[in-house]
Amino acid sequence: MQDTFRIDSHKLMFHPKEVSLWLSGEEIYPIYMEISPSGACNHRCTFCALDFMEYKPRFLDTAMLKERLSEMGTLGVKSIMYGGEGEPFLHRDMGEIVVHTREAGIHVAITTNGTLFTRALAEQILEKVSWIKVSINGGTAESYSRVHRTRPDDFDRVVANLSDAVNVRKETGAGCTLGAQAVLLPENADTIESLAETAKSIGLDYLVIKPYSQHHKSYTRSYSDVDYATFSHLRERLERFNDSTFTVIFRENTMKKIKRTGRGYRRCLALPFWSYIDSGGTVWGCSAFLGDEQFRLGSINEQTFREVWLGDRRKECMKFVATELDPEGCRMNCRMDEVNLYLWELTHPSAHVNFI
């Protein structure tokens, strides 16, 4: 299946300037960041990796965040994805925040459950956003409600919201890519084809089918032993939905990694290229270690982003990661896995690389 957006791979090779500076030992600011504007969530998905954050009803201060976003834009941050431990659209100023982010020169993306993604919001933000990905973890109202642990009619609401967004995109000519994703689970596997049919019929650009990835701190352990080999037949069955306007991205590469032995790199090298800010304003070196003081870099409530990024706490964290952290103990299939494979090969090349 064609993965035009390289969702099952990485895109760091498109940023040679930053990689070159990093290779030379220069300090760089993150290319990509994830920010959680809301700690609260209106769903309680059975697979939620960040359930240990406990869905606290805390929200980033809008004025402070806008100030930091303007600063990040001048520092060279290129993209921000709003998602995190809560539902981003629960933040009452989310539309305003999105608009300001883009005006600060930063590309914007949003991962959401879609229940609050109203037509009014679509009209406000679609022309400012690069992509929006909605988490729909079931192809029927019944399977959806079991996984999301919410009312079945939320399924119809999300489908209606996405249909409205597609219409707004047509009306405004916005370039926003609209997609959906589902974590493939035993409870929803038999409805995935129905989900693909729905996603295509309402005019989405793609549907991602991805595996569950166990977070070491997550309370949830129900899916840690899912054997994705038993679902491999879905790949071929889903190919019938693909055409020039819609693609199902079946993350087979990521599914196969779950059973692999060895990561292919001995140190994590990716952390200088990205960062995470939680709904309390704390900047973390890695989202797999939320709550671990070793990875707590500072707070945008108390410092500028530049002060956090160039501060002593981050220097100590990077030293620890470079000399002591064993990636074999990290979360399997972390977001930076493919980036790490690329950077490790770049810094540990095999023989004969000059014979291009």
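For clarity, every value in this text was computed on a predicted model and none was experimentally measured.
- What you find for Ala49 and Ser218 is that their closest heavy atoms are O-CB, 3.4 Å.
- If you check the side chains of Arg68 and Thr304, you find no donor sitting under 3.5 Å from an acceptor.
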Please walk me through it: do Trp22 and Phe273 pass ring-ring contact (aromatic ring centres under 6.0 Å, His included)? CA-CA 9 Å; Trp22 172 77; Phe273 297 93; 5.6 Å; yes

Check the pair Glu34 / Thr111 against side chain to side chain contact (heavy atoms under 4.5 Å, CB included), numbers first and verdict last. CA-CA 10 Å; Glu34 295 181 14; Thr111 298; over 6 Å; no

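- Between Arg169 and Asp205, at least one side-chain nitrogen of the basic residue sits less than 4.0 Å from a carboxylate oxygen of the acidic one, meeting the salt-bridge criterion.
- The local environment of CD in Glu197 is sparse, with at most 12 non-hydrogen atoms from other residues, nucleotides or ligands closer than 6.0 Å.
- Only one option out of His15, Met81, Lys78 pairs with Tyr32 in a side-chain contact (heavy atoms from CB on, under 4.5 Å); it is Met81.
- The shortest non-hydrogen separation linking Ser36 to Tyr276 is CB-OH, 3.7 Å.
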One pair to check against side chain to side chain contact (heavy atoms under 4.5 Å, CB included): His215 and Leu50. What are the steps and the verdict? CA-CA 8 Å; His215 194 295; Leu50 298 183; 4.1 Å; yes

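- Electrostatic pairing of Arg314 and Glu307 does not count as a salt bridge here, judged by no charged N lying under 4.0 Å from a carboxylate O.
- In this structure, Val147 is not a member of the same hydrophobic cluster as Tyr55, with clusters built from ILVMFWY side-chain heavy atoms closer than 4.5 Å.
- Among pairs with a residue in residues 88-101, those fulfilling salt bridge (Lys or Arg N to Asp or Glu O under 4.0 Å) read Lys66-Glu96, at least two apart in sequence or across chains.
- In this structure, Ser24 contributes its side chain and Glu26 its backbone to no donor-acceptor pair below 3.5 Å.
- In terms of hydrophobic clustering, with Ile, Leu, Val, Met, Phe, Trp and Tyr side chains grouped at heavy-atom distances under 4.5 Å, Ile110 and Met33 are assigned to a common cluster.
- Note on Asp8 versus Lys210: no salt bridge recorded, every NZ/NE/NH1/NH2 to OD/OE distance being 4.0 Å or above.
- The six-membered or imidazole ring of Phe117 lies near that of Phe89, with a centre-to-centre distance under 6.0 Å.
- Remark: Arg240 engages Glu193 in a salt bridge, criterion side-chain N to carboxylate O under 4.0 Å.
- Cluster membership for Phe14 and Met336, using ILVMFWY side-chain heavy atoms within less than 4.5 angstrom, is shared.
- With respect to the salt-bridge test (charged N to carboxylate O, under 4.0 angstrom), the residues Asp243 and Lys200 qualify.
- Annotation for Ile106 and Gly73: closest pair CD1-N, 3.7 Å, computed over non-hydrogen atoms.
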